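All heavy atoms count here, side chains included; hydrogens, waters and symmetry mates do not. The shown structure was predicted, so the numbers you read here are calculated from the model rather than taken from an experiment.
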Amino acid sequence: MKISLKLKAVAVVLIFTMVLSVSIVLISYNTYINAFTAHYESLAASIAKSTATVVDREYVKTLSSEVLKVYHRICDENGSTPDFEAFSDSDWESYYAEFEYITERPEYKELLNLLGKLREDHDIVSLYIGYTDLETMKDLYLVDASAEEQCLPGDCDDIQEEHIEQVKAGNYEFPAFITNYEKYGWLCSASAPIVDEDGNVIGVALVDISMNHIMRDGRNFLYTLAAITAIMALIMILLIVFLISKTMLEPINKLSSATSSFVSGKKESDRESEISKLNIKTGDEIENLSESIKKMENDLNTYITELTEITSEKERIGAELDVAKHIQSSMLPCIFPAFPERQEFDIYASMTPAKEVGGDFYDFFMVDDRHLAIVMADVSGKGVPAALFMVIAKTLIKDHTTPDRNLGEVFTTVNNLLYESNSEGLFVTAFEGVLDLATGEFNFVNAGHEIPYICKAGQSFEPYKIRAGFVLAGMEDMRYKSGSIVLEEGDKIFQYTDGVTEATNPSNELYGSERLCRVLNENSKKTPCEILEEVKKNIDEFAGEADQFDDITMLCLEYKKRMDTEMKELSVSAKIENLSAVTAFVESAVDEYGCSMKAKTQISIAVDEIFSNIARYAYAPGTGDVTVRVGMTENPKSVTITFTDSGIPYDPLEKSDPDTTLSAEEREIGGLGIYIVKNSMDEMNYEYKNGLNILRMRKKI
């Protein structure tokens with residue numbers, strides 16, 4: 001007859017012993033601490049009340065009146081309560097100086113002397129008198145007789161939130177409470193109001209009593225009690241372990257030793273495993289466990305062989321997918337707002353990748369100062385090849401999108417370049433549009449992609465029927481035609497990939513264009529960011545628990561206002577003798593814009609520095625042309641000056657700023673002029689594009 005292993009187990013006894021020991025320690029410790037806590041709370045409250053009774057009320061009333069008079073004057077001069085947290089050391093010195101005369105008053109000295117004697121008589125840490133100012137919600141110090149770090153009159157703390165309502169109701173006496181500060185340790189604190197003959201509160205007596213020694217004694221008591229209890233529990237546990245070691249632990253240790261050698265046994269396939277050598281005959285559940293482990297070893301050997309092959313293949317595929325996902329996400333603009341300085345438009349885009357890597361991508365960028373380009377595309381296929389092809393397509397489209405270039409020509413060129421390197425037989429559906437921020441003209445080209453939805457101001461979203469050309473990289477020498485539409489202020493464009501309309505629910509139903517159009521129109525008055533969030537939320541609700549099989553990529557652009565583009569242009573040879581002509585041209589333009597004299601002077605200095613550098617170095621030792629454009633924008637009213645030349649590529653903004661703390665003899669030569677320009681302009685940026693150096697400066701006028 002087998003004896004149940006439960007009868008041999010003594011785990012319940014061990015747990016009971018531990019619980020009982022811990023309970024005894026905690027109950028005893030809490031009883032000890034609670035007794036002393038109650039005593040000190042009563043003592044603190046008694047001292048606070050006694051202090052409030054024995055102090056001279058007229059002295060307190062005089063001090064509170066003087067402190068409040070100075071404090072309120074400072075608040076009035078500041079326009080509000082001073083930001084004490086931002087005070088520097090000099091600010092504090094100036095602030096305390098306003099109250100310094102109070103410390104010389106006899107009332108202050110008498111009260112300070114009295115509080116000091118009371119503090120010494122009762123052997124306490126702090127004893128002070130304050131006043132609660134309900135107008136600024138501050139506790140002001142009047143007299144502080146603390147043993148260390150005495151607060152001066154006028155020093156203040158914020159009223160604790162839990163006391164605000166009581167103070168407003170006229171209750172200034174709070175129950176004693178205990179706190180633990182890193183700096184002061186354990187303190188028992190209490191307060192009592194000081195009232196005049198009419199019952200009005202003229203101050204509050206506060207007391208802090210150190211409880212560090214009590215808490216230290218409590219910890220010592222806890223450690224001693226815990227040690228005694230632990231010794232008793234240990235003796236009981238040792239007795240129990242001794243009884244069960246022969247009947248339970250030894251067989252279990254044999255099982256443990258055999259199973260721990262399972263992996264090493266696998267490496268030596270010719271050697272008989274330790275598990276197969278087990279011969280445990282205990283007549284209970286341990287014997288059953290031994291037989292089960294032997295059977296498990298045989299099953300695991302078969303399973304490990306199969307799992308090794310499957311795992312190796314999954315790791316290879318997973319590594320490829322992770323690389324592709326990282327490439328895809330790192331290539332997309334994801335900082336919003338994307339152009340915080342631009343008031344003419346608002347744009348937002350998002351991509352939610354599927355479990356498997358796809359080739360969706362979006363992009364948006366400024367072609368120049370007045371043209372914004374948006375791109376939405378979808379590469380066929382999955383995995384690393386599609387992700388890499390996406391990188392190539394995105395780069396080619398952006399690089400070939402230049403000012404005044406027909407978008408049909410852009411896609412024609414990109415198509416041929418993609419076709420040449422398309423060894424995997426992939427293709428791309430793509431849509432690109434370029435918005436003229438000044439006129440609202442929106443030129444676009446479509447290569448087999450989804451048609452966009454357009455919402456005219458105050459109306460609803462509708463699909464914009466445009467003819468789609470052939471996909472990119474599908475056939476060489478395809479010709480693409482661009483189209484255009486004029487957008488008005490307040491119009492919105494929504495573009496997406498097929499992962500939106502082809503999302504499925506558990507019933508295998510497609511999300512479809514009708515649902516998309518309905519959600520867009522329900523949220524047409526919202527911002528682009530909010531529109532995309534609502535569409536994604538609706539797709540998630542529709543899909544439910546169904547897996548996402550394709551990337552969900554969306555972009556929304558709102559044309560908010562037309563750009564002020566009154567541009568003036570001058571092209572001259574990049575020679576130093578043309579400096580005066582360029583300076584006169586810029587000054588004449590900014591005069592028309594109503595530029596202030598200070599800003600005009602700073603602009604003239606900047607133009608002199610930039611043009612001089614171009615004339616001296618851009619084409620050396622030869623010569624060439626430079627074009628200067630001047631324009632004005634509103635909100636904020638600013639002048640933008642652009643220098644364009646085809647000389648040697650050079651970014652002056654990359655040069656490190658000179659150390660102005662050094663003398664002229666100690667500083668390195670050069671760099672001071674561009675440093676002055678950078679500090680006088682509100683914005684500067686440089687780019688090298690299509691063989692041109694383009695340097696832009698913006699100055700608020």
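- Asp196 places a side-chain N or O within donor-acceptor distance of the main-chain N or O of Asp198, the cut-off being under 3.5 Å.
- Enclosure of atom OH in Tyr303 is not indicated, since only 12 or fewer non-hydrogen atoms of other residues, nucleotides or ligands lie within 6.0 angstrom.
- Checked for salt-bridge contact, Asp157 and Lys138 miss the test: no charged N lies under 4.0 Å from a carboxylate O.
- Between Tyr348 and Thr527, the closest side-chain pair of non-hydrogen atoms is not below 4.5 Å.
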Counting only pairs under 3.5 Å, give me each side-chain donor-acceptor contact of residues 111-123, with atom names and distances, residues two or more places apart or in other chains.
unit_1	atom_1	unit_2	atom_2	d
Arg119	NE	Ala145	O	2.7
His122	ND1	Leu118	O	2.9

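- Atom CG of residue Leu43 and atom CD1 of residue Ile209 lie 4.0 Å apart, to the nearest 0.5 angstrom.
- For the pair Asn523 (side chain) and Lys526 (backbone), a donor-acceptor distance under 3.5 Å is absent.
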Quick one: do Glu104 and Lys109 satisfy side-chain contact (heavy atoms from CB on, under 4.5 Å)? Show the steps, please. CA-CA 7 Å; Glu104 300 299 326; Lys109 294 181 178 180; 3.6 Å; yes
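- Here the closest non-hydrogen pair linking Ile74 and Pro82 is CG2-CG, 4.0 Å.
- If you take CG on Asp155 and CG on Leu142, they are separated by 11.5 Å, rounding to the nearest 0.5 Å.
- Listed here is the closest heavy atom pair of Leu140 and Cys156: CD2-CB, 3.5 Å.
- Of the possible polar contacts, one joining the Ser64 side chain to the Lys61 backbone as a donor-acceptor pair under 3.5 Å is found.
- The shortest distance between side-chain heavy atoms of Glu58 and Glu107 does not fall below 4.5 Å.
- Here the closest heavy-atom approach between residue Ala48 and residue Ser191 is recorded as CB-C, 3.9 Å.
- For the pair Asp158/Asp139, no side-chain contact is recorded, criterion being any heavy-atom separation below 4.5 Å from C-beta on.
- Between the CD atom of Glu509 and the CG atom of Asn505 there is a distance of 4.5 Å, given to the nearest 0.5 Å.
- Atoms CD and CD, on Glu100 and Glu93 in that order, are 11.0 Å from each other to the nearest 0.5 Å.
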Determine whether Val204 and Tyr131 satisfy the following criterion, side-chain contact (heavy atoms from CB on, under 4.5 Å), listing intermediate values before the conclusion. CA-CA 6 Å; Val204 180; Tyr131 184 86; over 6 Å; no
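- Annotation for Ser189 and Asp208: closest pair OG-OD1, 2.6 Å, computed over non-hydrogen atoms.
- A heavy-atom distance below 4.5 Å is not found between the side chains of Leu152 and Tyr141.
- The shortest heavy-atom contact between Arg57 and Ile202 is O-CD1, 3.3 Å.
- Side-chain atoms of Asp133 never come within 3.5 Å of backbone atoms of Met137 as a donor-acceptor pair (strictly under, hydrogens ignored).
- Judged by distance alone, with hydrogens and angles left aside, the side-chain atoms of Ser46 form no donor-acceptor pair with the main-chain N or O of Ser42 at under 3.5 Å.
- In this structure, Trp92 has its ring center closer than 6.0 angstrom to the ring center of Phe84.
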Evaluate side chain to side chain donor-acceptor pair (under 3.5 Å) for Asp551 paired with Thr553, printing each intermediate quantity in order. CA-CA 6 Å; Asp551 299 341; Thr553 308; 5.4 Å; no
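- Side-chain contact between Val535 and Met554 is present, with heavy atoms from C-beta onward closer than 4.5 Å.
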Checking side-chain contact (heavy atoms from CB on, under 4.5 Å) for the pair Leu332/Tyr362: CA distance, chi angles, key distance, verdict? CA-CA 7 Å; Leu332 304 182; Tyr362 66 83; 3.7 Å; yes
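- In this structure, Asn34 places its CG atom where more than 12 heavy-atom neighbours from other residues, nucleotides or ligands lie under 6.0 Å away.
- In this structure, the side chains of Met215 and Arg219 come closer than 4.5 Å at one or more pairs of heavy atoms.
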Begin from the C-alpha positions of Ile124 and Ile47 and carry the test side-chain contact (heavy atoms from CB on, under 4.5 Å) through to its verdict. CA-CA 10 Å; Ile124 57 181; Ile47 295 174; 4.0 Å; yes
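- Side-chain contact between Ser88 and Asp91: present, with at least one pair of heavy atoms (C-beta onward) separated by less than 4.5 Å.
- To the nearest 0.5 angstrom, Ser28 atom OG is 12.0 Å from Ile33 atom CD1.
- In this structure, the side chain of Tyr128 does not engage the main chain of Cys151 through any donor-acceptor pair within 3.5 Å.
- Val125 and Ser210 get closest at one heavy-atom pair: CG2-CB, 3.3 Å.
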From CA spacing to verdict: salt bridge (Lys or Arg N to Asp or Glu O under 4.0 Å), Glu66, Lys69: CA-CA 5 Å; Glu66 290 295 325; Lys69 179 177 66 177; 3.3 Å; yes
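- Side chain of Gln548 to backbone of Asp540: no donor-acceptor contact under 3.5 angstrom is found.
- To the nearest 0.5 Å, atoms CZ (Phe542) and OH (Tyr511) are separated by 8.5 Å.
- The shortest side-chain heavy-atom distance between Val25 and Ser21 does not fall under the 4.5 Å cut-off.
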